[in-house]
Novice: 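Before anything else, here's the structure in question.
Convention: sequence-line order gives letters A, B, ...; per-chain numbering from 1.
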Amino acid sequence: MSAPFSTATGTDVRVRFCPSPTGTPHVGLIRTALFNWAYARHTGGKLIFRIEDTDAARDSEESLLQLIDAMRWLRIDWDEGVEVGGPQAPYRQSQRGSIYADLIGKLKAAGHLYESYATGEEIEARNLAAGRDPKQGYDNFERDLTEEQRLAYRAEGREPALRLRVPDTELSFDDLVRGEITFPAGSFTDFVVVRPNGAPLYTFVNPVDDALMGVTHVLRGEDLLSSTPRQIALYYALIEIGVTTFIPRFGHLPYVMGEGNKKLSKRDPESNLFHHRDRGFIPEGLVNYLSLLGWSLAHDRDVFSIEEMVAAFDVVDVNPNPARFDLKKAESINGDHIRMLSSNELAKRLEPYMGNLVASEIDRDLLERAAPLVQERMQLLGEAPTLLAFLFTPDEDIEFDADALPGADAALILDAASTAIDGLESWTHDTIEEVLRVVLIEGLELKPRTAFGALRTAISGKRISPPLFESMELLGKDSTLVRIARLRSRL
RNA sequence: GGCCCCAUCGUAUAGCGGCCUAGUACGCUGCCCUCUCACGGCGGUAACACCGGUUCGAAUCCGGUUGGGGUCACCA
């Protein structure tokens, strides 16, 4: 059977992202959104954002909001769909009932759909009785039920589900990422598309909406690969009743794996997109990393902008094998992107992560001046509070970490430094460094590491801190002296 | 079990018959820079699952084996 697959290219491309709002956004799901978006933007086509909320028991409004939040955060925009509308509105399947009812009627009248009364147990029993594997599934035995048989079932109080009559031939399609795939005749059977209560299932509404919305390229997770022949079968039926004229091209994206050899599970915190945002991933970094899961820009570059990705992206370049989510690499790339931010921009992004450390206009100003000090010391914005807290803490509240406490000989260092600093006219990191080097390194012949280590503890309370002299400059002379005196009194 | 997909350093990938004694990045690691930590620079570590075949020549093409994954729902 030859299939009229879409030949759309360039601005005729129409892709879609159609999640079910169940639970918090998963990185694999978002990677799918990203690839669809990148393909649309690369080709100049359109991205449709549709919500598949046909499972009232599992769907939630909160999840929908989170999905939208995730898209906006990552700057994945869409041309038609929820919130923005479009010619095929509404874009939530829970609001498209009458559209489906109409099509169900037409498909049934044309003989593509038929009534099925069998329960799961009965189907399994049939397989067993016929000596087949009980897991083999439905064997299409109700295709030609007589009127009497139907009446008999109804007399038992049973209501029928509706199944699609699939072709008895093999079905092939040319997958955009995997190439030619053929399913032999008999490897897919008539499947339920409408529940006995009349509610259509995903297996029905997904291809139907794709057809109605003119989707030309279906880029989705590998888990849907096996259901593709059934969807193509539905397309044949839709084409025959005049709903559409073509079948979309399919591209099945590889899984995003977690540790070991299993899919990144929803239970795993690393699967949660917002977990990464909370820890301080920036959109540029996360998008960059996510795009590397199954795709690459060039053989020698893996840090790039979203614009560069869009310019280069094509689904046919996507790698078919599963990719492991490597947090270390993700963080490294995020760090690179943090370094590419302007310091003002960094300060702005840092603020939400500073908690109540930054509360006033003065604090904000200080944060802006401190941002360059930590820019190359972070992979995640969430690391900032630990690094910078001492700048926003009153002198008397600085606590000295045990592992940062200098030896008793530090008294000499602190006293000398205090005197030297006290006499300083000009307060910049250069003048501070100059005088301290003269007094401590040349004068007392101390090792820089020793001399400055004690001062580091005095002003930050820690063994590790942003650059010392810059920190002192930000703190101011008074505060610096107070902190040195405080540590001195502890020795 | 039937059907389908997948197979290059620990990880992500480059490679689409000769440029491969297999490149890059993360990780790990040595050195340098250095007031700590970073950043940066220079090195090191480590892979074509296996067996056949095609070919003058295979990581690349074909077949098989093995291993992994998915799917066979009135979930999506």
Side-chain angles (χ1 to χ4, degrees), chain A residues 18-22 52-55 57-59 116 118-120 123 132-138 159-163 175 177-178 181-184 186-189 191-197 199-203 205-206 221-230 252 254-255 257 260-263 289 292-303 319-333 335-336 339 373-379 383 387 404 433 436-437 440-441 447-457 460 462-471:
Chain A
C18 49
S20 289
T22 57
E52 312 227 322
D53 51 351
T54 54
D55 186 351
R58 297 201 313 162
D59 300 325
S116 169
T119 65
I123 290 166
R132 291 185 295 245
D133 185 331
K135 298 182 81 156
Q136 185 148 359
Y138 188 66
E159 290 292 329
L162 261 26
R163 284 182 190 267
D175 193 277
V177 342
R178 287 151 212 276
I181 298 173
T182 301
F183 288 83
S187 67
F188 49 97
T189 62
F191 57 103
V192 171
V193 292
V194 182
R195 290 192 181 97
N197 68 5
L201 294 162
Y202 162 84
T203 49
V205 296
N206 177 276
E222 184 185 344
D223 49 331
L224 268 353
L225 185 54
S226 300
S227 68
T228 305
R230 295 197 295 270
H252 290 92
Y255 280 115
M257 316 286 280
N261 238 349
K262 36 190 210 307
K263 261 176 86 176
Y289 180 68
L292 251 18
L293 260 22
W295 183 79
S296 70
L297 180 77
H299 72 97
D300 57 354
R301 276 196 71 200
D302 53 15
V303 177
N319 201 311
N321 39 329
R324 234 153 300 262
F325 188 92
D326 182 349
L327 194 56
K328 282 262 181 50
K329 172 109 180 180
E331 290 174 353
S332 166
I333 286 177
D336 287 332
R339 266 162 246 132
L373 267 44
V374 292
Q375 188 150 20
E376 58 189 33
R377 294 179 162 69
M378 291 188 299
Q379 291 193 317
E383 296 165 19
L387 256 19
E433 176 167 7
L436 288 176
R437 279 191 188 278
L440 302 176
I441 313 303
K447 280 199 282 204
R449 188 185 186 93
T450 312
F452 300 144
L455 292 169
R456 181 185 315 288
T457 301
S460 72
K462 295 181 182 305
R463 204 166 47 80
I464 294 167
S465 84
L468 182 62
F469 312 113
E470 284 81 351
S471 297

Novice: Categorize A:Gly186 for me: base, sugar-phosphate, or nothing, with a 4.0 angstrom heavy-atom threshold over every strand shown.
Specialist: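 The answer is nothing, as A:Gly186 stays clear of every strand by at least 4.0 Å.
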Novice: Check nucleotides 74-76 of chain B for protein N or O atoms closer than 3.5 Å to its own N or O atoms and list the pairs.
Specialist:
unit_1: B:rC74; atom_1: N4; unit_2: A:Ala118; atom_2: O; d: 3.3
unit_1: B:rC75; atom_1: OP2; unit_2: A:Arg195; atom_2: NE; d: 2.9
unit_1: B:rC75; atom_1: OP2; unit_2: A:Arg195; atom_2: NH2; d: 2.8
unit_1: B:rC75; atom_1: O2'; unit_2: A:Asp55; atom_2: OD2; d: 2.7
unit_1: B:rC75; atom_1: O2'; unit_2: A:Arg58; atom_2: NH2; d: 3.4
unit_1: B:rA76; atom_1: OP1; unit_2: A:Thr54; atom_2: OG1; d: 2.9
unit_1: B:rA76; atom_1: OP2; unit_2: A:Tyr202; atom_2: N; d: 3.1
unit_1: B:rA76; atom_1: O3'; unit_2: A:Ser20; atom_2: OG; d: 2.2
unit_1: B:rA76; atom_1: O3'; unit_2: A:Glu52; atom_2: O; d: 3.3
unit_1: B:rA76; atom_1: O2'; unit_2: A:Ser20; atom_2: OG; d: 2.6

Novice: Take atom CE of A:Met378 and atom C1' of B:rA38, then tell me their distance rounded to the nearest Å.
Specialist: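 About 11 Å, once rounded to whole Å.
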Novice: To the nearest 0.5 Å, what is the distance between OG (A:Ser332) and CG (A:Leu327)?
Specialist: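 Those atoms lie 11.0 Å apart.
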Novice: Distance check needed: B:rU24 C1' versus A:Ile333 CD1, whole Å only.
Specialist: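 A:Ile333 atom CD1 is separated from B:rU24 atom C1' by 12 Å.
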Novice: How many Å lie between NE2 on A:His299 and C1' on B:rC16, as a whole number?
Specialist: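 Going from NE2 in A:His299 over to C1' in B:rC16 covers 15 Å.
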Novice: Taking N or O atoms only and anything under 3.5 Å, show me the protein contacts with nucleotides 2-6 of chain B, one pair per line.
Specialist:
unit_1: B:rC5; atom_1: O2'; unit_2: A:Arg178; atom_2: NH1; d: 2.4

Novice: Ignoring hydrogens and angles, tell me if any N or O in the side chain of A:Ser465 forms a donor-acceptor pair with the backbone of A:Lys462 under 3.5 Å.
Specialist: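 Answer holds: no.
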Novice: Which atom pairs link the protein and nucleotides 28-34 of chain B when you take only N or O atoms and keep those under 3.5 Å?
Specialist:
none

Novice: Can you measure A:Asp336 atom CG to B:rC39 atom C1' for me and round it to whole angstrom units?
Specialist: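 Going from CG in A:Asp336 over to C1' in B:rC39 covers 10 Å.
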Novice: Over how many whole Å does the gap from A:Asp300 atom CG to B:rG23 atom P extend?
Specialist: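 Nearest whole value for this atom pair: 13 Å.
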Novice: Separation of A:Arg449 atom CZ from B:rC35 atom P, in whole Å?
Specialist: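 The answer, rounded to whole Å, is 10 Å.
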Novice: Taking any heavy-atom pair under 4.0 Å as a contact, classify A:Ser465: base, sugar-phosphate, or nothing.
Specialist: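 Base, at least one base atom sits under 4.0 Å.
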Novice: Between A:Glu383 and A:Arg377, does any NZ, NE, NH1 or NH2 come within less than 4.0 Å of an OD or OE carboxylate oxygen?
Specialist: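 No, A:Arg377 and A:Glu383 are not salt-bridged.
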Novice: Quick check on B:rC35: is either OP1 or OP2 less than 4.0 Å from any side-chain nitrogen or oxygen of A:Arg456?
Specialist: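 Answer no for this pair, as no side-chain N or O of A:Arg456 is under 4.0 Å from OP1 or OP2.
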Novice: Look at the side chain of A:Asp133 and decide which nucleotide, out of B:rA12, B:rA38, B:rG1, has an atom nearest to it.
Specialist: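 Within the option list, the nearest is B:rG1.
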